[in-house]
There are 2 protein chains.
Amino acid sequence: MRPLPELAPETLTLASVLYALGDPLRLELVRRVAADPGMTCAPGGLKVPKSTLTNHWRILREAGVIRMAADGRFRRIWLRAEELENRFPGLLDTVLRLSADEPMGAAVP
Amino acid sequence: MRPLPELAPETLTLASVLYALGDPLRLELVRRVAADPGMTCAPGGLKVPKSTLTNHWRILREAGVIRMAADGRFRRIWLRAEELENRFPGLLDTVLRLSADEPMGAAVP
DNA sequence: GAGAATAGTTCGTTAGTCCCGGACTATCGA
DNA sequence: TCGATAGTCCGGGACTAACGAACTATTCTC
């Protein structure tokens with residue numbers, strides 16, 4: 001399971017993390033990976049083209065929100081929860097808590 | 001001082017608020033209006049064209065982050081702190097707290 | 001092993017968005 | 001009334017996002 005390159009926590013900026021989280025689909029992806037660490041790229045029930053998903057995962061990765069590792073044919077995905085907590089204490093928890101009862105979160109097709 | 005139209009709190013979405021906050025300049029504007037409620041549109045020390053500022057304030061307004069009111073030649077601006085706190089408890093506080101010690105925040109030209 | 005199937009990426013096109021200069025509107029002061 | 005000031009509107013050029021099609025890499029089946 002070879003890890004893919006990622007940003008050092010010091011280089012993350014608050015604005016880029018907020019930007020990455022500021023999209024309904026990406027918020028849903030983050031919610032899912034929080035609930036299912038190690039999930040693969042293709043979430044069930046989302047009617048979104050693969051190439052679009054790749055792009056959204058890339059934005060989350062480049063903002064430092066998630067980590068990916070190649071595992072055979074798959075990419076496994078995790079939140080970088082600890083590093084985010086160290087760099088931006090309370091942010092991820094707050095967003096996950098709030099997105100949990102966002103009606104839109106579940107309504108993403 | 002005639003208030004300008006704004007969104008009802010119920011219609012705000014977490015993603016659009018995060019998106020509005022997910023830009024270094026807008027984050028700086030939010031920081032400033034938090035420190036100086038009732039400020040006008042043109043902040044000192046920012047070398048940004050007026051039309052660009054108008055656009056960023058509009059995005060913050062349409063996301064429900066700020067309120068504007070016409071006051072003669074000026075627009076006065078406030079955070080919608082209470083409404084945001086009711087709708088998204090803890091979010092604004094967390095972002096303001098984190099942006100306070102973001103090196104980038106102060107470095108916006 | 002050959003060949004099909006699967007997970008994901010890359011590329012190119014199209015559509016939409018952002019930035020910013022310049023023109024415009026509204027208000028205030030002289 | 002005239003000029004100055006605060007902010008908005010508009011249009012074009014640069015940039016970005018979405019998505020289908022082609023591609024790569026790995027696994028499964030025979």
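All chains are named by letter (A, B, ...) in the order of the sequence lines, taking the proteins before the strands, and each is independently numbered beginning at 1. Being a predicted model, the structure only gives us computed values, none of them experimental.
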Original post:
Which sits closer to the 5' end of DNA chain D, B/Arg73 or B/Leu53, going by the nucleotide each is nearest to?
Top reply: B/Arg73
Given [options], which nucleotide is nearest the side-chain atoms of [X]?
X       : options                : result
A/Asn55 : C/dG8, D/dA6, D/dA18   : D/dA18
B/Pro49 : C/dG21, C/dG8, D/dG7   : C/dG21
B/Cys41 : C/dG8, D/dG7, C/dC19   : D/dG7
B/Ile59 : D/dA21, D/dT26, C/dC18 : C/dC18

Between [atom2] on [N] and [atom1] on [X], what's the gap in Å once rounded to a whole number?
X       : N      : atom1 : atom2 : value
B/Trp57 : D/dA6  : CH2   : P     : 15 Å
B/Leu46 : D/dG7  : CG    : C1'   : 16 Å
A/Lys50 : D/dA17 : NZ    : C1'   : 19 Å
B/Ile77 : D/dG7  : CD1   : C1'   : 10 Å
A/Lys47 : D/dG20 : NZ    : P     : 14 Å
B/Arg76 : D/dA6  : CZ    : P     : 11 Å
A/Arg58 : C/dT10 : CZ    : C1'   : 11 Å
A/Arg26 : D/dA17 : CZ    : P     : 8 Å

Below the 4.0 Å mark, does [N] have OP1 or OP2 next to a side-chain nitrogen or oxygen of [X]?
X       : N      : answer
A/His56 : D/dA18 : yes
A/Arg75 : C/dT9  : yes
B/Ser51 : D/dT8  : no
A/Tyr19 : D/dA17 : yes

Original post:
Between the base of D/dG7 and the side chain of B/Thr54, is there any donor-acceptor pair under 3.5 Å?
Top reply: no
**OP:** Salt-bridge test for A/Arg58 and A/Glu62: reply yes if a basic N is under 4.0 Å from a carboxylate O, no otherwise.
**Re:** yes
Subject >> Under 3.5 Å: donor-acceptor pair, side chain of A/Arg87, backbone of A/Leu12 >> reply: yes
Original post:
In Å, rounded to the nearest 0.5 Å, how long is the span from CG of A/Leu79 to CE of A/Met39?
Top reply: 10.0 Å
**OP:** Please assess A/Arg76 against A/Thr40 for the test side-chain contact (heavy atoms from CB on, under 4.5 Å), listing each intermediate value before the final yes or no.
**Re:** CA-CA 5 Å; A/Arg76 304 237 165 252; A/Thr40 58; 3.5 Å; yes
**OP:** Might you point out which heavy atoms bring A/Leu18 and B/Gly22 nearest each other, and give the distance in Å?
**Re:** CB-CA, 3.7 Å
